[in-house]
Amino acid sequence: MAEHGDERARAEIDGTALVVLAGDLTAQDVDAVVNAANEQLAHGGGVAAALARAGGPEVQRESDAWLDRHGPLGPGDAAVTTAGAMPAQMIVHVVGPRYRDQQDNEGLLRQAVRAALDAAREHGASSVALPAISTGVFGYPAQEAAPVIAQTCAAWLGEEPGTVREIRLVALDAGGADLFVGGLPEG
Ligand code: APR
């Protein structure tokens with residue numbers, strides 16, 4: 001497991017695994033990695049830049065082509081591109097909320113996570129890895145966002161049994177990863 005990260009916690013939900021890892025999202029050997037993108041799919045910073053760098057130039061190229069066809073990526077939407085040179089087969093791009101006082105940050109974050117998981121399933125992914133969407137450039141406090149992301153994945157797995165067999169929640173360090181644990185189901 002060393003190359004993928006350190007497992008910090010795990011829950012089993014209807015025969016599927018929800019795993020919390022400290023590690024690098026770009027190194028995950030899953031079918032789909034989720035990108036914390038912006039509406040323009042301009043992968044300039046954070047995890048987006050890491051995915052674009054690790055995947056190679058076709059990641060930004062396919063993202064630009066998606067944008068030309070569909071226009072800006074809205075809340076609740078997902079764009080799927082190649083993962084290029086990464087072990088994953090595809091990147092599912094979603095836009096999390098920019099953290100603001102006068103909006104339903106939690107609802108928007110849940111919507112982004114669900115959009116990512118729905119799109120991964122629709123594209124035949126049986127394993128998916130997600131980062132702590134919105135907790136970097138978009139300013140959502142990680143101690144609030146990470147449990148919401150974990151809870152949303154657990155709820156989705158309970159509602160959508162079958163196709164997806166593993167979801168990994170990945171943060172760069174143990175402190176970040178452990179913030180997901182509060183959102184795992186008990187037991
Ligand atoms: N593996 C796992 N997690 C990572 C990695 C990585 N390689 N790189 C960064 N992260 C973590 C960050 O530590 C942060 O907790 O991903 C989380 C999300 O941070 P951002 O990438 O800044 O995402 P977000 O807050 O949703 O902002 C999106 O940032 O880079 C731009 O194009 C992106 O404009 C968009 C905005």
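If you're wondering where the values come from, they're calculated on a predicted model, not measured in any experiment. Atom set for the values below is all heavy atoms of this structure, side chains included, hydrogens, waters and symmetry mates excluded. For ligands, and for the atoms within them, numbers begin at 1 and follow the listed sequence.
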Q: Under the salt bridge (charged side-chain N to carboxylate O under 4.0 Å, His left out) rule, collect the residues that match up with Glu58, sequence neighbours excluded.
A: none
Q: Sort and list the pairs that fulfil ring pair (Phe, Tyr, Trp, His ring centres under 6.0 Å) and have at least one residue in residues 105-156, not counting sequence neighbours.
A: Tyr99-Tyr140
Find all protein N or O atoms under 3.5 angstrom from an N or O atom of ligand 1 and list the pairs with distances, or write 'none'.
residue  : atom   : partner : partner atom : Å
ligand 1 : 1 (N)  : Leu25   : N            : 3.0
ligand 1 : 7 (N)  : Asp24   : OD1          : 2.8
ligand 1 : 15 (O) : Thr135  : OG1          : 2.6
ligand 1 : 19 (O) : Gly136  : N            : 3.3
ligand 1 : 21 (O) : Val47   : N            : 2.7
ligand 1 : 22 (O) : Val137  : N            : 2.8
ligand 1 : 25 (O) : Ser134  : O            : 3.3
ligand 1 : 25 (O) : Thr135  : N            : 3.4
ligand 1 : 25 (O) : Gly136  : N            : 2.8
ligand 1 : 25 (O) : Val137  : N            : 3.2
ligand 1 : 25 (O) : Phe138  : N            : 3.0
ligand 1 : 26 (O) : Ser134  : N            : 2.8
ligand 1 : 30 (O) : Gly45   : N            : 3.3
ligand 1 : 30 (O) : Gly45   : O            : 2.4
ligand 1 : 32 (O) : Asn38   : ND2          : 3.3
ligand 1 : 32 (O) : Ala42   : O            : 3.3
ligand 1 : 34 (O) : Asn38   : ND2          : 3.0

Q | Residues in side-chain hydrogen bond (donor to acceptor under 3.5 Å, both in side chains) contact with Thr152, at least two apart in sequence or another chain | A | Arg110
Q) How about Glu166 and Ser126: do any of their side-chain heavy atoms sit closer than 4.5 Å? A) no
Q.
Less than 4.0 angstrom from a charged side-chain N to a carboxylate O is my criterion; do Asp64 and Arg61 meet it?
A. no
Q. Which residue, Asp29, Asp24, Asp31, forms the salt bridge (charged side-chain N to carboxylate O under 4.0 Å, His left out) with Arg168?
A. Asp29
